[in-house]
Amino acid sequence: MKTAEIKRRWLAFFESKDHVVVPSASLISEDPTLLFTVAGMVPFIPYMSGLIPAPYGRATSVQKCVRTLDIDEVGKTTRHGTFFQMNGNFSFGDYFKREAIEYAWEFLTSPVDKGGLELPKDKLWVTVFKDDDESIAIWQDVASLPLDRIQRRGMKDNYWSTGQPGPAGPCSEIYYDRGPAYGIEGGPEADEDRYIEIWNLVFMQYERGLGGGKEDFEILGELPKKNIDTGMGLERVAFLMQGVENLYEIDQVRPVLDKAAELSGKTYGQNEQDDVRLRVVADHIRSSLMLIGDGVTPGNDGRGYVLRRLLRRSVRAMRLLGVSEPVFGKLFQESKEAMVDAYPELENEYSRILKIAIAEEEAFLRTLVSGTSVLENHIAEAKNSRAIELSGDICFLLHDTYGFPIDLTLEIAEENGLKVNRDDFDQLMNEQKSRAKADAKMKKAGGVDLSVFAEFRAQGLSEFTGYEFLQSEAKVIGLVLDGASSREAKQGDLVDVILDRTSFYAESGGQSPDAGEILGDGLVLEVLDVQKPVKGLITHRALVRQGSISVGSTVMTRVDPTWRLGAAQAHSATHVVHAALRQVLGPSALQSGSYNKPGYMRLDFSWNNSLSAATKSEIEEISNLAIRQDLAVSAQFMSLPEAKAWGAVALFGETYDESVRVIQIGGAWSRELCGGTHVARSSQIGLVSITNESSVGSGSRRLEANVGLEAISAFNKDRLMLQEIAEQLKTTPANSLEKVSQMLAELKEKQRLLAQAESKQLLAMVPELMEKMQEVGKGKLLATRISEISSPESLRDLTIALRDRVQNDNAVVVLCGVINGKPNISVAVTSRAQDQGIKAGEIVKLASAILGGGGGGKADLAQGAGTDVSKIELALAEIAKSLG
RNA sequence: GGGGACUUAGCUCAGUUGGUAGAGCACCUGCUUUGCAAGCAGGGGGUCAGGGGUUCGACCCCCCUAGUCUCCA
């Protein structure tokens, strides 16, 4: 049975059992502490923990997941994949153990023509928590399983909790017996490779307290609402049903593996090491495809870095298989075709996905080239010094600084007959890891407890009136002082205010929060920040200026109209610039983040090269043209599929409800899903002026612009500056540029002429100075004072010129000159004199000490300076004496 | 978020404990020669990313800023 077919059956089965079918959430987790959606239940966590009331009693989903913790195990085992799909059914205070077990058994064992999977009953085993007699009874009753196929296991295997206070409970797992060829008898307790876990049923029934980790804690009591959370690994079931050996050989993955084998000329199944590499490629390509599809772009931190690693590991594995040409085009094509049945949206996204993948492949091939040359240098060096191994710090340097993978270092070193000090490398690697971890620990201390907001959220959603109104009458639902709920806040308090409705916009979608006041009878609060700590709940962080505020009272929210206009201008400008950007660069230039506040906007987007000045001007021009055309800006609510059919741009990492808000500027000219506040017509934006374009890491660029009045005042500032420059140059602003380049050219020419004249002058002095050359001891010495010299460089050049005249003799040239009122000395020694043990550096040291300063140099040339001009003759005499 | 590194001629890059800024390619001139990266001789081209500091003296050491690469969390 095809993987996509198992998925369809799953959803149909639970839909028939009155479950709401919830589409897979994005791989980009809504929870900021998680990089990715790592399990099927992640999107339901707020409902499980009670933070937000569940909108339905029972639900089902097939959730895309990415987990990279065991990335090094990929390809080596049957069941470690970085991308996988988790089939789940969930109950929020609705059904419990009996139904959960009944549904699971029915789905697994009912005949194919009845919508089930028809797994043979005698191959299924079950584990339960050791004290959970209730579950055992249900299993016997529902499935008529003999007791010897139900195994009791302890806390470690069959008890679920998050590791922290909150819901917890026993679980029951279903296993499939692959048969005696795969291991010993004795059930999952004995061999988890023969008996493969396919489904985990979690019965959340207790509230757990503090305590160490996942095994040692106190049970506080029963949960008021018991939940069911189950997860069936889609890939595992698929590989069992498809009669293949592991998850890399299922229909959604195998074609990539085959293509990689074809490209490398390898035959799968002949060599274990090559097989692992082929599986790594197949797994990583699929994960990358899905991640890019959900809007992740390669980067050097967070999610982007995980994706980059997956892509680069694929390139590395291909290279170890003997392929060094670019291959992503072919591999991604296979992966897309294998996945598109289950995820049709991949078809539309594919050209964007491929572009991003190929750009990363090219970038990595470049770093491999430069890394290879560094490695070759070190190998040559090691061979020259007859070393037998490459040191660990060189391998670490290659990995850490040049991004050159250790496996490739090992391979290439081996080809050159060198070993690698792997222990030192691992040690350095661990040091780097603990550094980063220690830092993360420090930063994490600032975590906020959101539970205080859960009770307010349970009373309902905060209504946002700010799209239509700047002011709203509202009732005070709650106050939070120093993290604790409070009845009242007095003058001077900094308080979080929760209202039943508000005209204040909370920070989201890149738009900064509204500023303004909350007013009441003798009451004035200055609103400093507006946030949504929990989905659906708006809090106002405010300072009580006058009077006091209490729960239950009626207040008026008043947004500062000037602030709001500025914010709306900036946000609409962001949409306009985004549309212009895509018009110029094409649809792959997708916004990856934004920030805007009155007068300023910032837009991050995926793109590989810096923008030329012409491109920037073009974007700016299109933006301002759209502003001048006075396009209508409208907002309307519709379903997500409707919005997508309209071609509205959805931004990744944002989560959208069933009903989404689409902002249009000039109809189809710009359509984006957005919850922000906007101007009514594009002309109200006034002006957009791009100030800067820069990189935020490889593959990601940032545009910044001034908006409205800010743009005009920035222009004014520039104009004033240009005027001042023109005045200084005694010309007009229009002619300033020409004047400056003219002046620079002139200056350069003058400097050139000056240097020429000076060197001519210096050379002219040579014959005269040569006459002062004396015989001292066995050699020649020229030690004299120069009257006219302008710089230490000239003094040096002259010294060298003189030495060159006697370069075949045993000779020393010493020149002293006064520069800026200080005595300078320069000494040059011919090679024959150096052979006699004469060192220029020592002569300078001797002289500069007499002159009251310092100096030094090498054997052939040295320079120094001092403070006492009157000592020059003495110093020269001492030099002559020392050489004589 | 934390670390490592890079930025030198139009291009690719050397520059070894701070003391004369270099090579190859490209360019210009001349000679030789008429083809597959031609040869020979000569020549032009540098705010050593920008700014500050230490020093008699900084491409080199220290600090800041910008751009780029890279690893780890």
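Below, chain A is the first sequence line, B the second, and so on; all start at residue 1. Values reported hereafter were calculated over all heavy atoms of this structure, with side chains retained and with hydrogens, waters and symmetry mates removed.
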Requested in this report: Could you tell me the separation between the CG atom of L397(A) and the P atom of C71(B), rounded to a whole number of Å?
Outcome: 13 Å
Requested in this report: Specify the separation, in whole Å, of atom CG of D860(A) and atom C1' of U20(B).
Outcome: 9 Å
Query raised in the report: Does C59(B) pair with anything, Watson-Crick or G-U wobble, both distances under 3.5 Å, and if so, with which nucleotide?
Result: none
Query raised in the report: Which word best sums up how the rings of Y600(A) and Y595(A) line up, parallel for under 30°, tilted for 30 to 60°, or perpendicular for over 60°?
Result: tilted
Report task. Check if the side chain of Q432(A) and the base of C71(B) share a donor-acceptor pair of N or O atoms closer than 3.5 Å. Result -> yes
Report task. For G19(B) and C71(B), measure between their P atoms and round to the nearest Å. Result -> 35 Å
Query raised in the report: Quick one: which of C71(B), A73(B), U20(B) gets closest to the side chain of M429(A)?
Result: C71(B)
Query - Rounded distance (Å) that lies between atom C1' of G57(B) and atom NZ of K822(A) - result: 12 Å
Query raised in the report: Rounded to the Å, how far apart are E793(A) CD and U20(B) C1'?
Result: 10 Å
Report summary line: Looking only at G4(B), U20(B), A73(B), the nucleotide nearest the T401(A) side chain is G4(B)
Query raised in the report: Taking a pair as Watson-Crick or G-U wobble with both distances under 3.5 Å, which nucleotide is matched to U33(B)?
Result: none
Query raised in the report: Would you say the base of U70(B) and the side-chain of R312(A) have a donor-acceptor pair closer than 3.5 Å?
Result: no
**Report entry** Base partner of G1(B), which must satisfy Watson-Crick or wobble distances under 3.5 Å
**Finding:** C72(B)
Query raised in the report: With a non-hydrogen cut-off below 4.0 angstrom, is G403(A) in contact with a base, only sugar-phosphate, or nothing?
Result: sugar-phosphate
Report summary line: From CG of D400(A) across to P of G3(B) the rounded distance in Å is 12 Å
Query raised in the report: Mind checking whether F83(A) and H284(A) have ring centres under 6.0 Å apart?
Result: no
Query raised in the report: If we call it a pair only when both distances are under 3.5 Å in a Watson-Crick or G-U wobble match, what pairs with G18(B)?
Result: none
Report task. State plainly whether the residues R312(A) and E360(A) are in salt-bridge range, i.e. N to O under 4.0 Å. Result -> yes
Requested in this report: Quickly work out the I71(A) CD1 to C71(B) P distance and round it to whole Å.
Outcome: 12 Å
Query raised in the report: Atom CD1 of I825(A) and atom C1' of C56(B): how far apart are they, to the nearest Å?
Result: 11 Å
Report summary line: U7(B) -> Watson-Crick or G-U wobble partner, both distances under 3.5 Å, gives A66(B)
Query raised in the report: Can a donor-acceptor pair be found between the side chains of S370(A) and T367(A) at a distance below 3.5 Å?
Result: no
Report task. Indicate, with a heavy-atom threshold strictly under 4.0 Å, whether G854(A) touches base, sugar-phosphate, or nothing. Result -> base
Query - Nucleotide of U20(B), C69(B), G4(B) approaching T367(A) most closely (side-chain heavy atoms) - result: C69(B)
Query raised in the report: Taking any strand in view, what nucleotide pairs with C28(B) in a Watson-Crick or G-U wobble way, both distances under 3.5 Å?
Result: G42(B)
Report summary line: Rounded to whole Å, the OH-P distance (Y402(A) to U68(B)) equals 19 Å
Requested in this report: Say whether Q863(A) and N824(A), considering side chains only, have a donor N or O and an acceptor N or O under 3.5 Å apart.
Outcome: no
Requested in this report: Counting Watson-Crick and G-U wobble pairs only, both distances under 3.5 Å, name the nucleotide matched with U12(B), or none.
Outcome: A23(B)
Requested in this report: Answer yes or no: is there an ion pair linking K881(A) with E878(A), defined by an N-O contact shorter than 4.0 Å?
Outcome: yes
Report task. In whole angstrom, give me the gap between the P atoms of U12(B) and U55(B). Result -> 38 Å
